[in-house]
Amino acid sequence: MHDIRLIRDNPEAFDAGLARRGLEPLSASILAADASLRALQTEMQASLAHRNEASKAIGQAMAKGDKDTAEALKAEVAALKTSLPEQEAAEREQLAALHDTLAALPNLPAADVPEGVDEDGNVEIARWGTPRSFDFAPQEHADFAPALGLDFETAAKMAGARFAFLKGPMARLERALGQFMIDRQTNEAGYTECAAPLLVRDEAAFGTAQLPKFREDLFQTTDGRWLISTSEMSLTNAVREEILPDADLPLRMTALTPCFRSEAGSAGRDTRGYIRQHQFWKVELVSVVRPEDADAELERKTRAAESILEALELPYRRMLLCAGDMGFAARKTYDLEVWLPGQNSYREISSCSNCGDFQARRMNTRFRREGVPAGSHHGSGHHGHGHMTKKGANEFVHTLNGSGLAVGRTLVAVLENYQQADGSVIIPDVLLPYMGGITRLTPTTN
RNA sequence: GGAGAGUUGGCUGAGUGGUCGAAAGCGUCGCACUCGAAAUGCGAAGUGCCGGCAACGGUACCGAGGGUUCGAAUCCCUCACUCUCCUCCA
């Protein structure tokens, strides 16, 4: 959600930001609507003031028992009975229209985000690890994993395409990955483990900006709730409509949850294998921070995600997304792409974004900045107010989110990177404590 | 699923259709007293929006949204949430 005041103050910058997103300039029409709305509000408030004044006088006249005066005043205000509701209705309508316009616009890219219209404009920032050299032709997981217990046909019988049924050590391995990740984020990266609702209301989906534009990507329940497409929805909305104490920031939350995506519009993409499913597990990392801390927090968060890949010894690269490829709510995003030898390519496994105050405005999440001692900038001499602290105004927080990591895709990466010539898969060392003695997935013929 | 009770400012909690943005207490902040603190006394203090260079003025907000009325925290409707009892259930 955009701040109308920023658009008023600097319409050129706003349009330039939209242009980087590949959108037409809108400041002129927005400002025209804004001016019209404000004129209407001024007019309406004058009517209200008139009415309130008269109503007060009526009350006083009635109190004195002066019925004639009261009746006269009532007649005078009667004219407002038709005009005021009209003004109010028009105001409501214009306000809603302006709100809808602003709510449908994506966040503006940060200054250091590269230009570009699609993924070809993304910039590789760093690369970690060396892809393993195989003495056999590495397979795609979709080809060898079914023999290890990753079963798409069984799932299709009950649920259709884009679902999987995991059996035996394969199911255990996926669970191990999730446990490992959330333990790591909780114990080492300083995130607080949360267990949150998987179904949320409209307001929450609006807050993180899945609504109103992307409803077709979500599943909806019969009672109108939405299945979360990411626990970013549940975690970020934990602070909706809050005024947080300064001392509570930064807030770092993590959760291991299933995610549900309709994958509308991705027909034909990644139809084979476990890359793109309607349901998948993910460890999410959400931060709520002071504005000045957001940039550093994005780096910190991205490192928290990368540390999982490094612990699993999975080669990856860090991409800085270009303006045209970023998600709706983001002002800057790093994607982590893991090496998949079976596909001979890097594939997205995590996305870490700084959303600035974009979601905070939608959720109305603010914090009250602690006052600084007056005169602390000057250092000396000044007293009298020397001990006074000035409470700052409420400010919007900044929010960040990132995957740490997508569990399903990490399973794919482990399978493909740790595959052996005989079709088995060696369990990475860091997962062994979670595997109950299993050290290798071995193919079965059945 | 059935029956009932609630939702008021940072917290507790009054509130009659007519100077109610809202009593009171607690907490917070400032000042006084004190070497300092406690205690005490005095005082201050909500948020959004509109207009204004500003001082300031106007307007809205008593869970949310509608309605009745000249006027709604107060009356009516819808919704959300909380609590109690019953029922059901992992």
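When reading the values below, keep in mind they use all heavy atoms of this one structure, side chains included, and skip hydrogens, waters and symmetry mates. The chains referred to below are lettered A, B, ... by the order of the sequence lines, with proteins before strands, and numbering in each begins at 1.
A distance of about 8 Å separates the C1' atoms of B:A80 and B:G63, rounded to the whole Å. Between B:C35 and B:G43, the two P atoms lie 25 Å apart (nearest whole Å). One C1' atom belongs to B:C79, the other to B:G6, and the distance between them is 16 Å to the nearest Å. For the P atoms, the distance linking B:C42 with B:C26 amounts to 12 Å, nearest Å. Of the C1' atoms belonging to B:C31 and B:A45, the separation is 14 Å, rounded to the nearest Å. Rounded to the nearest Å, the gap between the P atom of B:U82 and that of B:C56 is 43 Å. To the nearest whole angstrom, the two P atoms, one in B:U16 and one in B:U7, are 12 Å apart. The separation of B:G9 from B:G57, taken at their C1' atoms, amounts to 23 Å, rounded to a whole angstrom.
For A:L48, taking side-chain heavy atoms from C-beta onward, the closest of the listed nucleotides B:G67, B:C49, B:U59 is B:U59. Ranking B:G18, B:G58, B:A60 by closeness to the A:S55 side chain, first place goes to B:G18. In the set B:C49, B:C70, B:G51, the nucleotide with an atom closest to the side chain of A:K74 is B:C70. Nearest nucleotide to the side chain of A:R5, out of B:U59, B:U19, B:C49: B:C49.
Between the CG atom of A:D68 and the C1' atom of B:C70 there is a distance of 16 Å, rounded to whole Å. Taking atom CG on A:L98 and atom P on B:C49, their separation rounds to 13 Å, with Å as the unit. Rounded to whole Å, the distance from CD on A:E93 to P on B:G66 is 13 Å. Between the C1' atom of B:G48 and the CG atom of A:D3 lies a distance of 13 Å, rounded to the nearest Å. Per the geometry, CZ belonging to A:R92 stands 12 Å off P belonging to B:C61, to the nearest Å. B:G48 atom P lies 12 Å from atom CZ of A:R361, rounded to whole Å.
Pairing of B:A60, defined by two Watson-Crick or G-U wobble distances under 3.5 Å, is identified with B:U47. B:C42 is paired with B:G30 under the criterion used here, namely a Watson-Crick or G-U wobble arrangement in which both key atom distances are under 3.5 Å. Using the Watson-Crick or G-U wobble rule with both distances under 3.5 Å, B:G36 pairs with nothing in any strand shown. Using N1 to N3 plus N6-O4 or O6-N4 for Watson-Crick, or N1-O2 and O6-N3 for G-U wobble, each under 3.5 Å, B:G6 pairs with B:C81. Using N1 to N3 plus N6-O4 or O6-N4 for Watson-Crick, or N1-O2 and O6-N3 for G-U wobble, each under 3.5 Å, B:C11 pairs with B:G25. Within the shown strands, nothing qualifies as a pairing partner of B:C89 under the Watson-Crick or G-U definition with both distances less than 3.5 Å.
Listed for the A:R362 side chain is a donor-acceptor partner under 3.5 Å among the backbone atoms of A:A103.
Side-chain contact annotation: A:T399 with A:Q359, donor-acceptor N/O pair under 3.5 Å present. No side-chain donor from either of A:D217 and A:S262 sits under 3.5 Å from a side-chain acceptor of the other. Judged purely by distance below 3.5 Å, without hydrogens or angles, the side chains of A:R440 and A:S424 pair a donor atom with an acceptor atom. Side chains of A:T302 and A:E299: no donor on one and acceptor on the other come within 3.5 Å. Counted by atom type alone, A:S287 and A:E297 present one or more donor-acceptor pairs between their side chains at under 3.5 Å.
Each of A:Q45 and A:R225 has a nearest nucleotide on RNA chain B; the 5'-most of these lies closest to A:Q45. Each of A:E53 and A:R366 lies near RNA chain B, and the nucleotide nearest A:R366 is the one positioned closer to the 5' end.
Within 4.0 Å (heavy atoms only), A:L73 reaches no atom of the nucleic acid at all. At the heavy-atom level, A:A54 lies nowhere under 4.0 Å from the strands shown. Across all strands shown, A:R8 has heavy atoms under 4.0 Å from sugar-phosphate atoms exclusively, and none from any base.
Salt bridge present: A:E284 and A:K282 bring a charged side-chain N and a carboxylate O closer than 4.0 Å. Between A:R162 and A:D270, no side-chain nitrogen of the basic residue sits less than 4.0 Å from a carboxylate oxygen of the acidic one, so the salt-bridge criterion is not met.
The aromatic rings of A:F14 and A:H2 sit perpendicular to each other, their planes meeting at more than 60°, with 30° as the lower class boundary.
Of the residues in residues 197-210 of chain A, those lying under 4.0 Å from RNA chain B by heavy-atom distance are A:R201.
A close approach under 4.0 Å does not occur between any side-chain nitrogen or oxygen of A:R51 and OP1 or OP2 of B:U59. Phosphate contact (OP1/OP2 of B:C70, side-chain N/O of A:N52, threshold under 4.0 Å): absent.
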